[in-house]
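Below, chain A is the first sequence line, B the second, and so on; all start at residue 1.
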Number of protein chains: 2
Amino acid sequence: MARKRTIDDIARLAGVSKTTVSRVLNSKPDVDPNTRERILRIVKEEGFVPSATATGLAGGRSHLLGVLVPSFTWPMIPDIVCGIAETIGNSAYELVLYSLNDKTRENGEGDVIDHILSTNLVAGLLAVLPGQSSKFVLRLHQHGFPVVLIDDQGDPPLVPWVGADNQCGAYDAVKHLLALGHRRIAHIQGPMKYVCSRDRYEGYCRALQEHGIPVDPALVIEGAFETPSGREATQAFFSLPEDQRPTAIFAGNDLMAFGVLAFAEEHGIDVPGDLALVGFDSISSSALVRPSLTTVKQPFQEMGQRGIELLLSIIEQSDQQRLNVRPAFARDFTRLSSSDIHEPSSAPPLRIQLATSLVVRASCGMQQRSSISSV
Amino acid sequence: MARKRTIDDIARLAGVSKTTVSRVLNSKPDVDPNTRERILRIVKEEGFVPSATATGLAGGRSHLLGVLVPSFTWPMIPDIVCGIAETIGNSAYELVLYSLNDKTRENGEGDVIDHILSTNLVAGLLAVLPGQSSKFVLRLHQHGFPVVLIDDQGDPPLVPWVGADNQCGAYDAVKHLLALGHRRIAHIQGPMKYVCSRDRYEGYCRALQEHGIPVDPALVIEGAFETPSGREATQAFFSLPEDQRPTAIFAGNDLMAFGVLAFAEEHGIDVPGDLALVGFDSISSSALVRPSLTTVKQPFQEMGQRGIELLLSIIEQSDQQRLNVRPAFARDFTRLSSSDIHEPSSAPPLRIQLATSLVVRASCGMQQRSSISSV
DNA sequence: CTGTTAGCGCATTCAA
DNA sequence: TTGAATGCGCTAACAG
């Protein structure tokens with residue numbers, strides 16, 4: 001563990017001014033190749049790493065990326081953060097993690113965002129914020145602060161976003177059930193305030209309609225993306241007259257599908273024999289439950305990765321702009337009237353939609369249901 | 001979203017020098033009460049938040065805490081980080097997250113630690129680093145850098161640490177099996193390079209010995225803390241002559257217990273009828289598998305919380321020292337000969353051990369096994 | 001191509 | 001009890 005060196009030390013050792021050292025470190029063009037190489041060698045020998053703090057202060061830009069996540073109890077968060085951390089690790093940035101606690105979860109997202117901004121610590125923000133919370137992120141974006149939304153897109157979709165193709169994922173899931181011969185397919189929706197829930201519902205409807213099956217309102221119930229709501233919805237379905245009950249359920253996410261399994265287990269309903277089941281997300285537990293859950297896999301880790309890549313490109317772009325306009329501009333938010341709000345570029349916001357994939361396991365059975373003749 | 005104000009703005013608005021404002025912000029004593037109150041009011045009105053970057057540069061100390069975790073795929077990491085994030089959120093610090101990737105996982109922990117130190121970004125480090133990796137952390141600690149280890153303690157235990165009482169937890173688990181009448185109880189160890197694995201093994205031995213049961217080497221196998229190794233160990237156990245097979249297994253963690261369940265499922269072994277099973281950790285999936293898993297619950301969230309609290313107290317203490325000694329001392333590591341290495345305090349390193357609790361579910365059965373007469 | 005100058009926003013000496 | 005001056009380590013403007 002060597003002594004912490006400053007840029008001045010390196011300059012002294014190399015026999016040049018610290019300005020020159022700074023230039024090499026920032027890959028500026030106008031430096032003599034020999035000098036550059038000598039400096040780089042010394043930097044490596046001494047194991048010199050510039051102070052992120054000082055760099056941030058002097059340059060006006062920080063090397064920290066903010067990541068805002070809701071509760072860690074959401075099972076996909078670790079996967080997303082994993083992709084994020086890995087990608088940031090390969091960059092020159094560091095990861096500052098912000099999270100919502102019980103106090104801020106309800107209506108305090110704005111406070112957290114204000115805090116993130118007022119400390120002026122991070123160069124940009126990657127947020128996993130479903131639903132209406134994204135309006136805070138929208139405000140940031142409109143004021144030119146680099147921001148990317150992950151997972152649930154904003155409504156309307158005005159912010160750079162990385163997420164899965166929820167509609168197609170749901171469509172595939174329901175098509176799978178239809179191919180197995182099911183006709184009475186119920187759907188437990190996620191909270192309809194989330195765009196992703198609405199997308200999945202649309203995929204469900206589209207698949208049914210393509211098969212000429214009308215959407216039965218009695219077979220669609222809004223859940224809360226949590227296990228108990230899945231159980232309650234199933235209870236409601238099985239309170240219907242026997243001939244109106246579903247033979248299959250498409251749950252809006254895996255946690256609610258676990259609720260379906262719990263209800264089935266308690267009431268002696270055989271899955272997949274009496275009831276087929278598909279979930280959404282493919283969280284790790286979905287392979288462990290019995291029967292193992294057929295589900296739609298979201299590429300969470302890739303979402304994190306692509307999200308950071310997108311954020312970095314936006315930051316880079318906004319740095320360019322800031323250097324070409326009058327300085328300190330980016331920090332003065334008060335003076336911005338709505339007409340001053342600038343599009344980060346003339347191009348439309350960048351939006352990346354990733355494909356999902358169906359993970360077939362035991363909860364649907366393997367056979368076609370009522371079409372042995374077609375074999 | 002107000003304009004980002006500087007300390008100078010506040011000084012101007014209050015009609016005092018920025019030095020005075022700085023004094024108020026840092027709760028220095030020698031300030032006129034009226035002035036203090038006026039400044040605080042303006043600070044609140046303007047929503048002023050000092051720049052963490054500048055504070056760090058000028059004061060020599062940062063308001064960032066480093067948290068180093070291994071792979072996010074470890075199921076307890078989210079819980080630990082949750083406790084960490086919550087606690088940091090209630091402090092004046094921010095959380096910088098470092099993680100090991102595939103490259104650094106093997107022998108690169110030292111590099112990561114060097115990186116953390118050389119960037120000089122964080123005021124202290126909370127590390128979840130099992131096994132020998134802790135030697136890097138020990139080095140930091142000996143050089144006076146505030147460090148706390150979580151989960152698996154170092155060996156020898158010289159670093160401030162927060163973890164669970166693994167030996168008692170294991171002891172309780174095995175006592176539970178003994179109370180159910182089991183006598184041939186196998187143990188799938190975690191990797192023995194981890195102190196926690198050795199502690200659990202000791203708890204296992206102690207419980208058996210208290211009942212006058214010798215430890216049978218054929219019933220103890222070292223696993224890898226991952227599901228496949230649990231399956232393999234079980235296979236080995238069931239390759240024994242029938243009268244030497246275990247009637248119960250104490251798995252070193254839940255993931256390996258899942259491997260036991262998988263093997264049992266494939267080979268028609270009834271759990272808990274033919275084989276009782278206890279895990280360790282109480283990760284969320286342990287309630288979802290069938291049969292649901294009896295396991296030893298570690299208070300992961302509290303571990304994170306207590307870890308941060310301990311780290312903050314150490315940082316505070318080291319700040320005090322630094323102000324009383326010659327400045328810039330803490331950053332100069334080269335000059336330290338081993339005799340210069342100072343104990344952060346004359347007191348022994350702070351070590352916090354938290355109690356575990358047994359979560360009884362279905363995988364052991366509910367009845368005593370061979371003592372109906374005792375009912 | 002290179003060095004000099006002047007700050008970034010704050011904490012910490014000093015002197016008043 | 002307060003203010004002016006100095007510097008943390010670095011980048012960016014300006015001249016050479």
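- In this structure, the CD1 atom of B:Ile7 is 12 Å from the C1' atom of C:dT12, given to the nearest Å.
- Between the C1' atom of C:dT12 and the CG atom of B:Asn26 lies a distance of 10 Å, rounded to the nearest Å.
- Using a 3.5 Å distance cut-off with no hydrogens or angles, the side chains of B:Glu309 and B:Gln305 do pair a donor with an acceptor.
- Nucleotides of DNA chain C nearest to A:Ala58 and A:Arg36 differ in position, and the one nearer the 5' end is that of A:Arg36.
- A donor-acceptor contact under 3.5 angstrom links the side-chain atoms of B:Thr19 to the base of D:dA4.
- OP1 or OP2 of C:dT2 lies within a sub-4.0 Å distance of a side-chain N or O belonging to A:Thr35.
- For A:Ser17, the listed nucleotide lying nearest its side chain is C:dG3; candidates were D:dA12, C:dG3, D:dC10.
- Atoms CZ (A:Arg12) and P (D:dG9) sit 12 Å apart, rounded to a whole Å.
- For the residue pair A:Ser17 and A:Thr20, a side-chain donor N or O sits within less than 3.5 Å of a side-chain acceptor on the partner.
- Atom P of nucleotide D:dA13 and atom CG of A:Asp30 are separated by 14 Å, given to the nearest angstrom.
- Summarising the local packing, CD of B:Glu45 is surrounded by more than 12 heavy atoms from other residues, nucleotides or ligands at distances under 6.0 Å.
- Of the candidates C:dG7, D:dG7, C:dT12, the closest approach to any side-chain atom of B:Lys28 belongs to C:dT12.
- Atom NZ of A:Lys18 is separated from atom P of C:dA6 by 13 Å (rounded to the nearest Å).
- Here A:Thr20 reaches the OP1 or OP2 of C:dG3: one of its side-chain N or O atoms lies under 4.0 Å away.
- One atom, CZ of A:Arg23, and another, C1' of D:dC10, lie 13 Å apart when rounded to the nearest Å.
- Spacing between atom CG of B:Leu25 and atom C1' of C:dC10 amounts to 10 Å, rounded to whole angstrom units.
- Counting only heavy atoms from C-beta on, A:Asp32 has its side chain closest to C:dC1 among C:dC10, C:dC1, C:dT12.
- Here A:Ser22 reaches the OP1 or OP2 of D:dT11: one of its side-chain N or O atoms lies under 4.0 Å away.
- In terms of phosphate contacts, B:Arg5 brings no side-chain nitrogen or oxygen within less than 4.0 Å of OP1 or OP2 of C:dC10.
- Not a single donor-acceptor pair under 3.5 Å links the side chain of B:Arg23 to the backbone N or O of B:Lys18.
- Salt bridge A:Arg139/A:Asp114: present, at least one basic N to carboxylate O contact under 4.0 Å.
- Of all nucleotides listed (C:dG9, C:dA11, D:dC10), C:dA11 comes nearest to the side chain of B:Thr55.
- Residue B:Phe48 contributes atom CZ, which lies 4 Å from atom P of C:dC10 at whole-angstrom precision.
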